[in-house]
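It should be emphasised that the depicted structure is a prediction, and the values quoted were computed from it without experimental measurement. Just so you know, ligand 1 is whichever comes first in the structure, and atom 1 is the first atom listed for that ligand. Because only heavy atoms are used, hydrogens play no part in the values below, and waters and symmetry mates are left out as well, while side chains stay in. In this chain, residues are counted from 1 in sequence order.
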Amino acid sequence: MTKVRHGVLPTRREDLLARLAEPRTYDVAVVGGGATGLGVALDAAARGFSVVLVESHDFAKGTSSRATKLVHGGVRYLAQGNIALVREALHERTTLLANAPHLAQPLAFVMPSYHWWETPFYGAGLTAYDLLAGKAGLGKTRFLGRAATLSRLPNAQPNGLCGGVEYWDGQFNDARLALALARTAAAQGALLVNYCRASGLLFDDGKVTGLQCEDMETGATLRLRASCVINATGVWVDALRQLDGEANSGDGRRSTKPMVAPSQGVHLVVERDFLPGDVGLMVPKTADGRVLFAVPWLGKVILGTTDTPRNDLAREPEPFKEEVEFILSEAARYLRRAPTRADVRSMWVGLRPLVKPQNDDGDNTKGLSREHTVLVSRSGLVTVTGGKWTTYRAMAEDVLEKCFDKDLLPRRPGGVTTHMRVVGAEPTEAAPELIAHAPGLHSYGSEQSAVQSMPGAKRELSPGLSEAMVRFAVRHEYARCVEDVLARRSRLLFLDARLAASLAAKVAAIVAEETGLDPQTDAFLSLAQDYLRVPQ
Ligand SMILES: Cc1cc2nc3c(=O)[nH]c(=O)nc-3n(C[C@H](O)[C@H](O)[C@H](O)COP(=O)(O)OP(=O)(O)OC[C@H]3O[C@@H](n4cnc5c(N)ncnc54)[C@H](O)[C@@H]3O)c2cc1C
């Protein structure tokens, strides 16, 4: 197991910007600080390449903080017959659980059956899932009788219940894993800067040789030179591809065919008493033929998700009324005491970067591939999108392989991140379970003592959030405003938007003291309102 031990690195913005302004040519410049870009930055830095990454907003502000929180092989893709995708994801599931045990853990799921044939039918599929996992299996699939199903899912609808199947997958804290990847890449020498947008591409003789960037806090612009530029901007990849196409089209006007068909997924968060017990619930086939989950997470329950085509690429997409109705009505089919709109504590929407096949109008996103795609343009711009969080590490390896194949980088051996624990993952005592505990010190793994050494360790703003954690977020985790702290460092916005709003002023005072900047309190309060506004 490779250990990354560089102490707790500071993330002072002045220092990061001073490094960014140094005239030099990087081996790799990554655009986008979600799972995909961070994975590439970490892999490249771990192979000894010089790496810079710019993120226009906060790390994981895009899709990568809005997952259903599953580290999974994808039982649904098994049903679609995509064995290779499932096998790779099951392998990556094990790798992720081993490298970030404080942020990613195994979780059992129960699929309740209401027709006699469901247990043998789905049970056979889930047994195949186990077999595919082989040594990477987390626990054996078990067939449950009615009583055993009810004891595992005490709030399951008992009317018509025949039995169930229990199987294993994993769950994780997505935004905190993204931050851990960023900080692990930094520990390997990469320079990562959030709130810095790639506004243009630089070319020499028709080849991409760097980026034009804008510091989103000051508006200052700067140029970054790199041998290899990676476009890892999720659902936004087509904007940079368009700039690339225009620059190389002769008349400057050629439009590039979009490769992404975005699809939105809504999640509703409710109290844990709607899903007591220590398992998640999986609905194998909803009315529209999807899989739906109820996942116990950080002391609450996540219900989701949906799959609705959406093309406006909003930063904070709003849920459609029908999506909320769909989730609540499906939950009511399976739960004895079902949540209503009034029970929703928070609600968030993520955009899937699904890759369009040729000649596809993107209207039916359920049928689109969940696999990732790496494209290298004529000018050498490398674009990667699609895939899922669980497979971010394998995607990064594929991206570097493509860069070697196209002679953008000298070939260096891979597999360097397979056994690399992320920052905070050095073994302490067994990590507390993500399902049972609200956010708190446990999320910091082996960095708990570093957090506790900050001023304000004894001053709790709310259970699980101390003044010291806010200071740590600014000094060591790149946080710049209230939203960065409450949405992606502590996760309270995603768990209980009302509680998060009530803490905004206290968090703001600490952030302002640390950064000397406006902590953007009003913008956060308005966002928290949006996370509570369930469409009627
Ligand atoms: C509803 C939903 C549920 C999901 N659930 C799961 C799950 O349970 N498990 C799982 O494994 N996967 C899940 N996924 C998939 C997974 O979340 C995504 O595949 C993954 O997060 C995509 O990461 P990304 O880095 O490609 O995109 P993003 O996270 O969106 O990152 C792209 C980044 O690029 C930045 N950017 C854009 N333009 C620029 C620019 N010009 N300059 C600089 N930066 C820029 C953006 O701000 C953004 O942060 C889910 C996805 C959705 C939508």
Side-chain angles (χ1 to χ4, degrees), residues 29-41 52-74 76-77 85 89 92-93 96 104 107 169-172 174-175 177-178 181-182 192-201 211-214 216 224 229-243 260 262-267 280 290-291 293 295 297 302 304-308 310 313 315 317 319 323 348-355 365 370-373 383-396 399 488:
V30 182
V31 187
T36 308
L38 293 168
V40 172
V52 63
L53 179 149
V54 290
E55 159 57 52
S56 56
H57 294 68
D58 185 23
F59 300 118
K61 160 82 180 175
T63 307
S64 296
S65 55
R66 300 155 193 265
T68 313
K69 322 303 180 204
L70 303 178
V71 187
H72 62 157
R76 174 153 81 101
Y77 316 129
L85 178 66
E92 289 303 316
R93 181 183 75 174
L96 177 45
L107 178 66
D169 251 326
Q171 67 167 176
F172 74 129
D174 50 6
L177 181 64
L181 292 178
L192 300 98
V193 185
N194 53 355
Y195 295 102
C196 184
R197 182 173 78 93
S199 50
L201 296 167
L211 297 169
Q212 168 123 350
C213 297
E214 180 188 358
M216 300 302 279
L224 290 176
V229 175
I230 318 275
N231 174 12
T233 52
V235 288
W236 296 278
V237 283
D238 288 321
L240 272 190
R241 291 181 64 244
Q242 179 64 26
L243 291 181
V260 166
S263 146
Q264 89 170 18
V266 173
H267 299 92
R290 289 183 44 77
V291 172
F293 291 96
V295 186
W297 188 69
I302 300 170
T305 182
T306 55
D307 200 337
T308 314
R310 172 156 204 161
L313 297 182
R315 277 281 160 188
E323 292 178 291
W348 75 82
V349 183
L351 296 178
R352 287 179 198 84
L354 301 182
V355 180
T365 49
R370 265 53 185 171
E371 278 168 281
H372 65 271
T373 297
T383 297
V384 51
T385 195
K388 52 185 175 167
W389 234 122
T390 308
T391 52
Y392 80 91
R393 203 199 62 81
M395 287 167 66
V399 169
R488 290 169 292 276

Pairing residues for D169 by the salt bridge (Lys or Arg N to Asp or Glu O under 4.0 Å) criterion, not counting sequence neighbours: R93

Residues forming a ring pair (Phe, Tyr, Trp, His ring centres under 6.0 Å) with W297, sequence neighbours excluded: none

Which residues share a side-chain contact (heavy atoms from CB on, under 4.5 Å) with W236, sequence neighbours left out: T233, L313, R315

Closest heavy-atom pair and its distance - P317, Q264: CB-OE1, 3.6 Å

Protein N/O near ligand 1 N/O, under 3.5 Å, which pairs?
from, atom 1, to, atom 2, distance (Å)
ligand 1, 5 (N), T68, N, 3.0
ligand 1, 5 (N), T68, OG1, 3.4
ligand 1, 8 (O), T68, N, 3.3
ligand 1, 8 (O), K69, N, 3.4
ligand 1, 8 (O), L70, N, 3.0
ligand 1, 9 (N), L70, O, 2.7
ligand 1, 11 (O), W389, N, 3.1
ligand 1, 11 (O), T390, N, 2.8
ligand 1, 11 (O), T390, OG1, 2.7
ligand 1, 12 (N), W389, N, 3.2
ligand 1, 19 (O), G387, O, 3.3
ligand 1, 21 (O), S64, OG, 2.8
ligand 1, 23 (O), S64, OG, 3.1
ligand 1, 25 (O), A35, N, 3.2
ligand 1, 25 (O), T36, N, 3.0
ligand 1, 25 (O), T36, OG1, 3.3
ligand 1, 26 (O), T36, OG1, 2.7
ligand 1, 29 (O), T63, N, 3.3
ligand 1, 29 (O), S64, N, 2.9
ligand 1, 29 (O), S64, OG, 2.5
ligand 1, 30 (O), T63, N, 3.0
ligand 1, 30 (O), T63, OG1, 3.4
ligand 1, 41 (N), A198, O, 3.1
ligand 1, 42 (N), A198, N, 3.0
ligand 1, 44 (N), S56, N, 3.0
ligand 1, 44 (N), S56, OG, 3.4
ligand 1, 47 (O), E55, OE2, 2.6
ligand 1, 47 (O), S56, OG, 3.3
ligand 1, 47 (O), R315, NH1, 2.8
ligand 1, 47 (O), R315, NH2, 3.0
ligand 1, 49 (O), E55, OE1, 2.7
ligand 1, 49 (O), E55, OE2, 3.2

Ion pair D307/R352, N-O distance below 4.0 Å: yes

Any donor-acceptor pair under 3.5 Å from E55 side chain to H57 backbone: yes

